[in-house]
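The structure appears right after this line, and notes come after that.
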Amino acid sequence: MFFGTHRCENSKSCAAFTNFTRVQHFFNDMEYNHRKIDQKWQSKWAQEGTYDASYNSDKPKFYVLDMFPYPSGAGLHVGHPLGYIASDIYARYKRQKGFNVLHPMGYDAFGLPAEQYAIQTGQHPEKTTEINTARYREQLDNIGFGLDWSREFKTTDPNYYKWTQWIFIQLFEAWYDHSIGKSQPISKLIAHLEARGTEGLNAECTEELVLSAEQWTSMNESQQAETLLNYRLAYRSQSNVNWCPELGTVLANDEIKDGLSERGGHPVTQKKMMQWSMRITAFADRLLEGLDHIDWSNSLKETQRNWIGKSQGASLVFDIKDHTAQIEVFTTRPDTLFGVTFVTLAPEHELVDILTTTGQLEAIKSYKAIAAARSERDRMADTKTISGCFTGAYALHPLTQKQVPIWIGDYVLASYGTGAVMAVPAHDSRDYAFAKHFDLPIQEVVSGGDINQEAFDAKSGKMINSDFLNGMEASVAKVSVIAHLENIGYGKGATQYKLRDAVFGRQRYWGEPIPIYYDHGVAKTLPLDALPLKLPEVDKYLPTLDGKPPLARAKHWEYKGHPLETTTMPGWAGSSWYFLRFMDAHNETAFASKLTTDYWKQVDVYIGGAEHATGHLLYARFWTKFLFDMNFISFDEPFKKLINQGMIQGISAFVHRINGTNTYVSAGLIEQHETQAIHVDVSLLQGNELDTSAFKNWRKEYEHATFILEDGKYLCSREVEKMSKSKFNVTNPDDIVDKYGADVLRMYEMFLGPLEQSKPWNTQGLSGVSGFQRKFWKLFHPSGIFKISEGPADKKALKAIHSCIKKVNEDMNNFSFNTSISAFMIATNELTELKTNEREALQPLVQLLAPFAPHLAEELWEKLSGEGSVTVCSFPEHEEKYLIESSKNYPVSFNGKVRFQLELPLSLTSEDIENIVRSDPRTSEQLGDKQVRKIIIVPGRIINIVMG
RNA sequence: GCCCGGGUGGCGGAAUUGGUAGACGCGCUGGAUUCAAAAUCCAGUUCCUUCGGGAGUGCGGGUUCGAUUCCCGCCCCGGGUACCA
């Protein structure tokens with residue numbers, strides 16, 4: 001030991017000695033100086049552009065991408081970088097494996113929080129976005145990511161959203177041709193209409209139109225424009241929104257709490273509004289089918305499948321007594337048609353007002369008002385409250401001509417299917433509950449259940465009470481009914497999707513302006529040279545007094561004298577194609593050149609949260625397929641492999657205030673009092689113990705707090721929650737980096753648990769990883785000074801290293817980084833014990849560790865005089881010859897319970913093993929007076945003796 | 001409600017996918033070192049136990065020589081649910 005010769009003679013000189021040792025630590029290698037080393041390598045990487053990618057390379061390409069962050073005002077907490085660390089490790093691994101790696105980063109910066117903040121403070125969202133992104137960048141840089149920052153952009157950069165707007169225009173100028181299963185330019189549709197009208201047209205549309213060529217050509221410009229909107233992929237139509245009259249704006253479900261606006265607590269109602277939408281439903285089948293060819297988790301694919309919600313059944317119509325109109329319904333159970341005892345319409349259904357009889361007018365009107373006050377989510381979730389109202393009208397059963405009452409009920413949603421259902425209470429639970437509640441008849445048509453007790457929803461059984469279907473199996477009846485309906489002209493087989501067209505317009509300021517102007521009411525797109533259409537200045541970020549969106553406040557919001565569109569694009573617009581922009585981030589003449597998109601192609605590995613399963617991930621697939629159809633890119637899925645990282649949760653701390661007092665009682669004593677739990681900042685705690693004086697200083701309201709202690713301490717109760725500033729349970733990565741270094745943060749985040757799982761953050765655990773790194777460093781500095789031996793390494797050491805290499809390689813492919821880190825710890829512990837110091841053993845370990853702890857690895861690599869940067873050295877592969885075992889310590893079980901161990905050579909056959917086990921004295925001891933009934937031997941695994 | 005995850009010591013988690021449950025780390029306990037503390041090192045640490053054992057992977061069943069792992073039925077927690085990102 002370096003300090004072994006120094007002896008402390010008396011207490012006075014000892015203080016001096018302590019100071020001396022600290023100075024010594026600083027000046028030699030004994031302690032790993034993370035501040036110095038992190039800084040050294042981070043600036044070197046930045047200087048040399050170590051992570052900048054280039055598309056012309058003879059190496060194979062590999063594209064690693066993170067779901068880019070929304071830069072919130074709170075800055076990053078330790079939960080945010082989890083996915084970035086994982087992707088960084090993988091990108092570095094791929095680089096060491098000889099790939100040309102693209103790993104960029106940017107910001108998804110449009111969105112509500114910045115707008116809300118702007119409304120509150122009057123500060124321009126651009127300004128706060130600027131501040132927030134700068135802070136994010138600083139925090140990200142601290143962690144030592146191997147990111148290509150030369151490609152950085154924000155979705156709010158006009159140079160970026162210019163191309164978001166351009167893609168919108170391409171969507172506007174396109175339609176979907178089902179006869180070839182592709183998007184097509186609108187000019188082809190116009191040519192078709194001119195030549196043949198709608199004859200032979202198989203296009204995705206809002207409403208099925210029948211037009212002759214003459215009818216089309218005789219239309220005026222605005223009629224033609226209106227007609228084309230029926231087909232365009234970006235189009236305008238009426239759709240339902242949450243309208244808050246007091247705020248004069250549309251609200252997200254997220255902004256509504258218990259039916260009232262979160263801001264101000266005003267009532268919210270459902271309202272129809274003219275809105276820009278995207279015809280994503282045209283792509284439903286391809287979005288479904290494409291899932292079979294991408295490497296995403298089954299759960300995620302399943303979520304998308306359910307969201308798309310393809311169901312097969314029949315579409316049929318009911319005549320209405322004394323009306324010419326018909327009610328169209330979609331059903332997945334046409335076999336149960338004879339069991340229809342009523343028809344239910346969504347309260348918003350367009351026929352409701354026409355059908356309602358005078359006697360029912362008042363009742364229907366007030367029910368509609370009640371239904372409008374409920375959000376769609378409430379209506380779906382609440383299956384216990386049953387409500388509805390009879391319209392007074394009757395529908396005629398298409399097969400029996402029997403009259404069935406027409407009801408409205410809020411369990412039927414206007415946005416799903418046709419907004420009307422044929423109710424078969426005997427075989428559908430929701431219909432059953434409705435029928436029971438309103439005492440409507442229930443007619444059984446499939447045998448097998450007990451309809452007095454509950455609906456029989458099973459899709460199999462024999463048909464009864466169903467005329468010509470009687471005796472058939474339900475699945476056969478289904479086919480038979482559809483054929484019959486087609487014959488009589490009352491229906492046909494149909495496929496229905498739950499997926500709805502995506503509403504694209506937002507009544508907001510902080511989004512991309514939609515590049516549309518209105519020429520005498522006709523929507524027209526801006527020419528390319530007018531892009532980007534920049535966000536205008538406004539006096540306030542609020543709607544106008546007459547309820548128009550904030551952009552309507554802008555002066556001269558017009559193009560060549562024509563008014564511009566005032567809604568903006570949703571958050572998902574910019575994030576639907578950003579992965580393409582990273583391939584060619586500074587292109588001024590195209591969203592990205594074909595050359596670069598052809599080279600980088602899909603994202604090979606995409607990492608992000610599961611909360612984007614149906615939003616972002618579906619829209620990005622949709623836009624990719626569209627751009628593929630239009631030949632702008634040559635692949636039709638954006639993300640080949642996708643990993644969902646879990647959340648890092650915070651462990652919140654609570655103090656317990658005795659109700660109505662300013663006295664706080666320690667957690668163990670709360671049962672004796674009536675208390676309220678209050679969040680307290682976790683930084684005020686040491687373990688679970690509260691620093692009461694720090695608490696008093698924390699906030700004015702606690703200045704005069706008094707405490708009831710237990711064992712002289714004030715203990716807080718703890719709870720795992722989402723990590724969030726408002727819960728005072730956040731940990732800032734900067735603090736960890738400062739105290740332990742970037743590599744410790746990186747490794748600890750990975751060590752916490754499986755990447756895909758949620759797990760709570762516990763700062764105490766850092767010392768484990770930190771200890772590992774010191775130990776690892778010490779292998780190279782056995783007596784405080786760097787030293788490496790050149791001779792051959794011990795056999796045991798080589799075995800330890802090669803099993804570590806093997807494990808890490810396996811884990812790398814499964815993204816199982818937590819187990820890699822324990823493998824590193826195990827190897828380091830063993831090598832420490834073996835006092836291993838040979839290059840043969842230690843150098844590969846540095847190469848292996850480089851993706852996880854790049855700063856430490858670079859420093860050691862330099863000391864080892866490795867060639868170039870460790871970031872491009874090869875990644876080690878294990879050699880089996882070091883791992884071969886000759887014997888196995890068998891567990892010997894009796895009836896499944898392990899009773900003793902038996903060390904045996906692995907070369908033995910089952911018979912040999914059986915003979916040895918039978919003759920072992922411990923076996924007869926275990927057997928007692930029982931007989932061996934069977935012996936199960938799995939060579940290399942276990943021995944189990946069944947006795948009895 | 002519906003859809004998708006998850007549940008293993010005091011805590012985060014591991015377990016070759018049916019074969020010794022609790023690797024690795026934290027915490028805790030004891031010891032060494034120290035005037036003392038930090039750091040470091042060593043030992044122990046699922047629970048119960050009459051020290052022979054017994055129980056044990058959310059709960060209740062089942063399949064199997066053997067189940068954390070497979071099957072059936074529940075309970076609890078997290079995410080999504082179409083204008084949060």
Side-chain angles (χ1 to χ4, degrees), chain A residues 8 10-11 14 18 67 69-70 72 108 110-113 116 241-242 249-256 275 297-303 305-307 309 376-384 411 415 429-430 498-508 511 570-572 575 609-616 618 644 646-647 649 651 687 720 722 748 751-754 756-769 771-772 774 810 818-819 821-826 829 889-898 901 933-936 938 940-948:
Chain A
C8 196
N10 58 54
S11 60
C14 196
T18 310
M67 289 185 190
Y70 176 83
S72 84
D108 183 20
F110 276 127
L112 263 188
Q116 292 282 17
V241 295
N242 300 312
T249 189
V250 174
L251 297 178
N253 282 332
D254 212 58
E255 297 175 286
I256 304 167
Q275 297 266 46
S297 70
N298 278 329
S299 69
L300 189 57
K301 289 186 188 182
E302 203 48 34
T303 306
R305 284 193 191 104
N306 287 323
W307 184 265
E376 206 168 75
R377 174 138 11 136
D378 281 345
R379 284 167 56 171
M380 282 192 291
D382 185 4
T383 49
K384 292 202 177 83
Y411 78 101
S415 54
S429 313
R430 297 295 304 263
K498 205 162 107 222
L499 180 71
R500 312 201 290 251
D501 276 350
V503 176
F504 196 72
R506 297 286 183 269
Q507 319 279 311
R508 314 276 184 193
W572 57 266
S575 59
E611 66 274 21
H612 301 283
T614 50
H616 160 61
L618 205 60
N644 284 132
M647 265 195 325
Q649 296 148 316
I651 308 180
V720 173
K722 197 168 166 169
Y748 183 59
F751 186 59
L752 274 179
E756 310 205 7
Q757 255 171 54
S758 295
K759 53 250 160 181
W761 176 265
N762 177 8
T763 303
Q764 281 182 320
L766 279 158
S767 64
V769 174
F772 156 75
R774 270 203 304 274
E810 281 166 8
N818 56 324
T819 49
I821 290 167
S822 22
F824 280 121
M825 288 172 170
I826 293 166
N829 289 343
N889 192 19
Y890 281 95
V892 182
S893 305
F894 290 79
N895 288 344
K897 290 193 189 301
V898 181
Q901 316 277 323
R933 293 220 303 217
K934 200 174 171 190
I935 296 189
I936 290 134
V938 184
R941 290 272 165 81
I942 52 109
I943 298 165
N944 187 21
I945 296 164
V946 186
M947 57 184 190

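Sequence lines set the chain letters: A, B, ... in the order given, protein chains first and strands last, and positions in each chain run from 1. Everything quoted here is computed from the prediction, not taken from an experiment.
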Hey, does [X] reach any base, or is it just sugar-phosphate, or nothing, if we go heavy atoms under 4.0 Å?
{"X": "A:Asn242", "result": "nothing"}
{"X": "A:Ala613", "result": "nothing"}
{"X": "A:Val898", "result": "sugar-phosphate"}
{"X": "A:Pro760", "result": "sugar-phosphate"}
{"X": "A:Arg379", "result": "nothing"}
{"X": "A:Ile945", "result": "nothing"}
{"X": "A:Lys498", "result": "base"}
{"X": "A:Asp108", "result": "sugar-phosphate"}

Partner nucleotide of [N] by Watson-Crick or wobble geometry (both distances under 3.5 Å):
{"N": "B:rU17", "answer": "none"}
{"N": "B:rU63", "answer": "none"}
{"N": "B:rC35", "answer": "none"}
{"N": "B:rU57", "answer": "none"}

With rounding to whole Å, what would you report as the distance between [N] and [M] at their [atom1] atoms?
{"N": "B:rG31", "M": "B:rG66", "atom1": "P", "answer": "46 Å"}
{"N": "B:rC42", "M": "B:rC48", "atom1": "P", "answer": "28 Å"}
{"N": "B:rU29", "M": "B:rU17", "atom1": "C1'", "answer": "37 Å"}
{"N": "B:rA23", "M": "B:rU45", "atom1": "C1'", "answer": "15 Å"}
{"N": "B:rC41", "M": "B:rG61", "atom1": "P", "answer": "47 Å"}
{"N": "B:rG62", "M": "B:rC28", "atom1": "C1'", "answer": "40 Å"}

Could you check which of B:rG66, B:rG1, B:rC83 has an atom nearest any side-chain atom of A:Arg506?
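My answer, after comparing the listed nucleotides, is B:rC83.
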Taking the side chain of A:Arg377 as heavy atoms from C-beta outward, which of B:rC4, B:rC83, B:rA82 is closest to it?
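Nearest to the side-chain atoms of A:Arg377, counting from C-beta on, is B:rA82.
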State plainly whether the residues A:Glu611 and A:Lys722 are in salt-bridge range, i.e. N to O under 4.0 Å.
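No, no charged N to carboxylate O under 4.0 Å.
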According to a strict under-4.0 Å criterion, is A:Arg500 in side-chain N/O contact with OP1 or OP2 of B:rA82?
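Answer no for this pair, as no side-chain N or O of A:Arg500 is under 4.0 Å from OP1 or OP2.
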Taking only side-chain nitrogens and oxygens of A:Arg774, does any of them come within less than 4.0 Å of OP1 or OP2 of B:rU40?
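Yes, A:Arg774 has a side-chain N/O under 4.0 Å of OP1/OP2 on B:rU40.
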Tell me whether the centres of the aromatic rings in A:Phe110 and A:Trp572 are closer together than 6.0 Å.
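No; A:Trp572 has its ring centre 6.0 Å or more from that of A:Phe110.
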